[in-house]
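Notes to accompany the following structure.
Whatever order the structure lists them in is the order used to number ligands and atoms, beginning at 1.
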Amino acid sequence: MTGNLLTDNPALYEARFPDPSRLAGRWAEDCLRRHGAGRRVLDLGCGTGRDAAWLHGAGREVTGADLSEAMLAHARAHHPGPEYVRADLHGFDLGQGVSDAVVCLDSALLYCHTNDQLDGFLSSCRRALTPGGLLVAEMRNGAYFLGRTDLLDTPRVDEFTWQETVHRSVTTLTVDRTAQLLRRTRLWTADDGSPPVEQRSAWRLLFPQELRHLLGAHGFEVLELHDGPGPRTEPPWQEGLLPGRTTDADRLHVVARSTKPSTGTITP
Ligand SMILES: C[S@@+](CC[C@H](N)C(=O)[O-])C[C@H]1O[C@@H](n2cnc3c(N)ncnc32)[C@H](O)[C@@H]1O
């Protein structure tokens, strides 16, 4: 059986990737405050809605957007407050200038695999943002994988217990150099007799200088682009941490400002 076990089972996703102190939401709020963002926030790739709801609780007017109906249904039921809508990162139109900030957490941006999808994402963000609005994103760093053969091609086994069932995953990462993708194959088994599930997904291997160029080409001024701990890294991000100076480690933090109103065209 194939599928995406985690996006099809949002409760299981939260159990597998717990964030009880809502570090992802706190990290985003820290960036938004530091750069004086207005109240309206669009959380793209909002998943289970836990980060969107945390930002709502911090006083923001939040719209969470995701492609997965299962995630959206879970978000509406379990993390109320924000409005939840279905939208595709690769190109969406939620109205012009409807948001003061777009946040895109936990590598959701890397579901833009091709250059066209990245262009679609950035021009859609720019349309959604008010002039001067912010794009705040946190993701794995493509450059981190250069030379890191120890991370690739070797199955890694993880186990966790959810609702008295032991779930076991065997994950293998490979680099597709032609497509510039980090491909992940994960085989899930459970001790409740359910059939194994194979999940295949991929992230764009996006490099810091490439991202800087794309942001500039789409009319964004880069305010921050550096590495730093993520909400779910070890050690995790903590409040008050100064922005990093390099783009070497596993996670990239990006804050960029939309400099002028969207014209619908790329302006290099
Ligand atoms: C790693 S999860 C991140 C979820 C959430 N931001 C978090 O940190 O818990 C990635 C999310 O992106 C969504 N996603 C994947 N491809 C997408 C696309 N093309 N458009 C919109 N959402 C997408 C998935 O459904 C999933 O909920």
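The distance from the NE2 atom of His79 to the OG1 atom of Thr48 is 4.5 Å, given to the nearest 0.5 Å. Rounding to the nearest 0.5 Å gives a distance of 10.0 Å between CG of Asp88 and CG of Leu44.
Aromatic rings of His253 and Trp27 (six-membered ring for Trp) have centroids within the 6.0 Å cut-off, being under it.
For ligand 1 and Ser68, the ligand atoms under 4.0 Å from any heavy atom of the residue are 25 (O). Proximity to Ala87 (heavy-atom distance under 4.0 Å) selects the following atoms of ligand 1: 20 (N), 21 (C). Short contacts between ligand 1 and Arg50, defined as distances under 4.0 Å to a heavy atom of the residue, involve ligand atoms 9 (O). Close approach of ligand 1 to Asp51 is summarised as follows: ligand atoms under 4.0 Å from at least one heavy atom of the residue are 5 (C), 6 (N), 7 (C), 8 (O), 9 (O). Taking every non-hydrogen atom of His90 and a distance limit under 4.0 Å, the qualifying atoms of ligand 1 come out as 19 (N). In the vicinity of Leu67, heavy-atom distances shorter than 4.0 Å reach the ligand 1 atoms 18 (C), 19 (N), 20 (N), 21 (C), 22 (N), 23 (C). The Met71 neighbourhood of ligand 1 comprises atoms 27 (O), with distances under 4.0 Å to a heavy atom of that residue.
For the pair Asp30 and Arg34, the salt-bridge criterion is met [side-chain N within less than 4.0 Å of a carboxylate O]. Ion pairing between a basic and an acidic side chain is recognised when a charged N comes within 4.0 Å of a carboxylate O; Arg140 and Asp250 show such pairing. In this structure, Asp106 pairs ionically with Arg251, as a charged nitrogen and a carboxylate oxygen lie closer than 4.0 Å.
Taking each of Pro10, Gly45, Cys46, Gly47 in turn, the one with a heavy atom nearest to atom 6 (N) of ligand 1 proves to be Gly45. Evaluated by nearest non-hydrogen atom to atom 15 (C) of ligand 1, the leading choice among Phe121, Tyr13, Phe17, Tyr111 is Tyr111. Nearest-residue assignment for atom 11 (C) of ligand 1 (options Asp19, Asp66, Leu105, Leu23; heavy-atom criterion): Asp66.
Tested against Asp100 for a salt bridge (charged side-chain N to carboxylate O under 4.0 Å, His left out), the candidates Arg39, Arg40, Arg60 yield a single pass: Arg40.
Side-chain atoms of Thr189 and Arg168 include no donor-acceptor pair closer than 3.5 Å. Under 3.5 Å, the side chains of Thr114 and Asp116 contain no donor-acceptor pair of N or O atoms.
Here's the thing with Ala108: none of its N/O atoms is less than 3.5 angstrom from an N/O atom of ligand 1. Backbone and side-chain nitrogen or oxygen atoms of Asp88 are examined, and one is located within less than 3.5 angstrom of a nitrogen or oxygen of ligand 1. Residue contacts with ligand 1: Asp43 is placed with no nitrogen or oxygen under 3.5 Å of a nitrogen or oxygen of the ligand (distance criterion only).
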